[in-house]
Each structure stands twice: as C-alpha cells, then as structure tokens.
Amino acid sequence: QVQLVESGGGSVQPGGSLRLSCAASGYTNCMAWFRQGPGKEREGVAAIYSGDSSTYYADSVQGRFTISQDSAKNTMSLQMNSLKPEDTAMYYCAADLAPPYGGCGRRFRQLADFAYWGQGIQVTVSS
C-alpha cells in the first residue's frame with residue numbers, strides 16, 4: 001500500500017503562482033494530479049511517467065503548469081503559474097504502476113482509476 005501526502009496549495013490572486021507537492025511512501029512510476037471544482041466533474045491536470053520522464057497536461061493548463069518528479073525521493077511537484085479563477089478546485093495526487101510506451105498517458109487521459117490517492121488539497125484563486 002502506497003500512501004500519498006500532498007502539501008502546498010492555499011489561496012492566491014489571479015495571475016499568481018502556487019506549488020503543490022506530493023510525497024509517496026513507496027515506489028510508483030506514474031504520478032498525476034487531478035482536480036475537482038465546485039459543481040464540476042473530476043478532471044486530469046497533469047501526469048508524469050518516471051520511466052522516461054514523459055509528461056502529460058490538460059489543454060486548460062498547458063503552458064501554465066509544470067509537473068516534475070524527484071524519483072530518488074518519491075516526490076512529485078506541480079508548479080502552477082498564471083493562475084485563473086477557474087483553476088479553483090480541490091487537487092488530488094494520484095499514483096500507480098503503468099506499463100511503458102505511453103501507458104501512463106493513456107491512463108491519465110482516460111481518467112482510469114489510479115490505485116493510490118491523496119486526501120486532496122484546496123487551491124483557491126480569487127481577487
């Protein structure tokens with residue numbers, strides 16, 4: 001059983017930045033961030049595959065958010081810049097073991113259930 005612990009988040013004005021981090025207690029090779037805003041469905045934000053450092057992003061955050069991973073420390077981070085009010089949501093870290101050759105990306109884009117989930121952390125963008 002892998003436990004995920006998120007940190008960071010909080011409140012920021014539009015155009016501001018925040019950094020989320022997720023620490024995993026065990027080995028996984030596919031880590032992702034999902035979010036769910038008020039009255040909205042869960043959506044994928046970004047994912048990273050440690051096998052070849054491939055990254056995947058939702059169109060809505062491409063160019064503004066950057067996902068990274070420190071494999072040695074089993075941690076993942078999401079740098080969020082140019083935040084917008086529509087980025088307001090509960091953000092969840094998720095992790096799993098994915099097969100190579102795009103397996104992590106397919107799982108992310110298909111919103112397949114990841115095996116491990118964090119408790120969630122609130123991000124609020126408001127003036």
Side-chain angles (χ1 to χ4, degrees):
Q1 186 76 11
V2 175
Q3 294 184 335
L4 303 176
V5 179
E6 300 118 332
S7 60
S11 296
V12 67
Q13 293 185 341
S17 298
L18 284 173
R19 186 177 182 89
L20 304 181
S21 294
C22 177
S25 64
Y27 174 75
T28 61
N29 64 3
C30 178
M31 298 187 77
W33 289 97
F34 291 84
R35 68 185 181 186
Q36 187 164 16
K40 298 181 180 179
E41 295 185 352
R42 184 184 64 177
E43 64 173 342
V45 177
I48 186 166
Y49 176 61
S50 63
D52 58 9
S53 298
S54 295
T55 57
Y56 309 89
Y57 294 95
D59 291 343
S60 59
V61 306
Q62 183 77 44
R64 299 189 297 122
F65 292 9
T66 302
I67 192 170
S68 60
Q69 186 174 34
D70 184 339
S71 298
K73 297 181 180 179
N74 283 344
T75 59
M76 171 187 65
S77 295
L78 184 69
Q79 178 65 41
M80 304 185 294
N81 298 328
S82 302
L83 283 161
K84 304 175 181 180
E86 51 263 43
D87 294 318
T88 294
M90 185 71 78
Y91 284 70
Y92 297 91
C93 173
D96 208 335
L97 289 172
Y101 308 113
C104 184
R106 286 192 295 273
R107 186 162 300 185
F108 170 68
R109 300 223 182 271
Q110 294 169 7
L111 294 181
D113 286 338
F114 278 63
Y116 309 109
W117 290 84
Q119 293 295 315
I121 193 163
Q122 180 67 37
V123 171
T124 301
V125 185
S126 174
S127 56

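With salt bridges taken as basic N to acidic carboxylate O contacts below 4.0 Å, one links R64 and D87.
Closest of all the heavy-atom pairs between R109 and Y56 is NH2-CB, 4.0 Å. Counting all heavy atoms, side chain and backbone alike, Y116 lies closest to L4 at O-CD1, 3.5 Å. Scanning all heavy atoms of the two residues, the minimum distance from P38 to T88 falls at CD-O, 4.0 Å.
For R107 (side chain) and C30 (main-chain N/O), no donor-acceptor pair under 3.5 Å exists by modelled atom type. The closest donor-acceptor contact from the side chain of N29 to the backbone of A98 lies under 3.5 Å. S17 contributes no side-chain N or O that, together with a main-chain N or O of N81, makes up a donor-acceptor pair within less than 3.5 Å.
To the nearest 0.5 Å, atoms CG (D96) and CG (D113) are separated by 9.5 Å. Once rounded to the nearest 0.5 Å, the distance linking SG of C93 with CE of M31 reads 4.0 Å. Note that the OG atom of S11 and the CD atom of Q122 stand 7.5 Å from one another [nearest 0.5 Å]. In this structure, the separation between CE on M90 and CD on E6 is 9.0 Å, given to the nearest 0.5 Å. Atom CD1 of I67 and atom OG of S53 lie 11.0 Å apart (nearest 0.5 Å). To the nearest 0.5 Å, atom OG of residue S68 and atom CE of residue M76 are 9.0 Å apart.
Classification of the F108-F34 ring pair by plane angle, with boundaries at 30° and 60°, yields tilted.
Side-chain contact between P100 and Y49 is present, with at least one heavy-atom pair separated by less than 4.5 Å. The shortest distance between side-chain heavy atoms of T75 and Q69 does not fall below 4.5 Å. Side-chain contact between Y92 and I121: absent, with no pair of heavy atoms (C-beta onward) separated by less than 4.5 Å.
Take V12 and apply the side chain to side chain contact (heavy atoms under 4.5 Å, CB included) test, not counting sequence neighbours, and it matches L18, L83, V125. Scanning for salt bridge (Lys or Arg N to Asp or Glu O under 4.0 Å) contacts around E43 gives R35, with sequence neighbours left out.
Hydrophobic clustering (ILVMFWY, side-chain heavy atoms < 4.5 Å, transitive): F114 and Y91 are in distinct clusters.
Under a 4.5 Å side-chain heavy-atom cut-off, the cluster of Ile, Leu, Val, Met, Phe, Trp and Tyr residues that includes L97 is completed by Y27.
Annotation: Q36, atom CD; neighbour count of heavy atoms from other residues, nucleotides and ligands within 6.0 Å is above 12.
Of the candidates L78, L20, T55, F65 forms a side-chain contact (heavy atoms from CB on, under 4.5 Å) with just one, namely L78.
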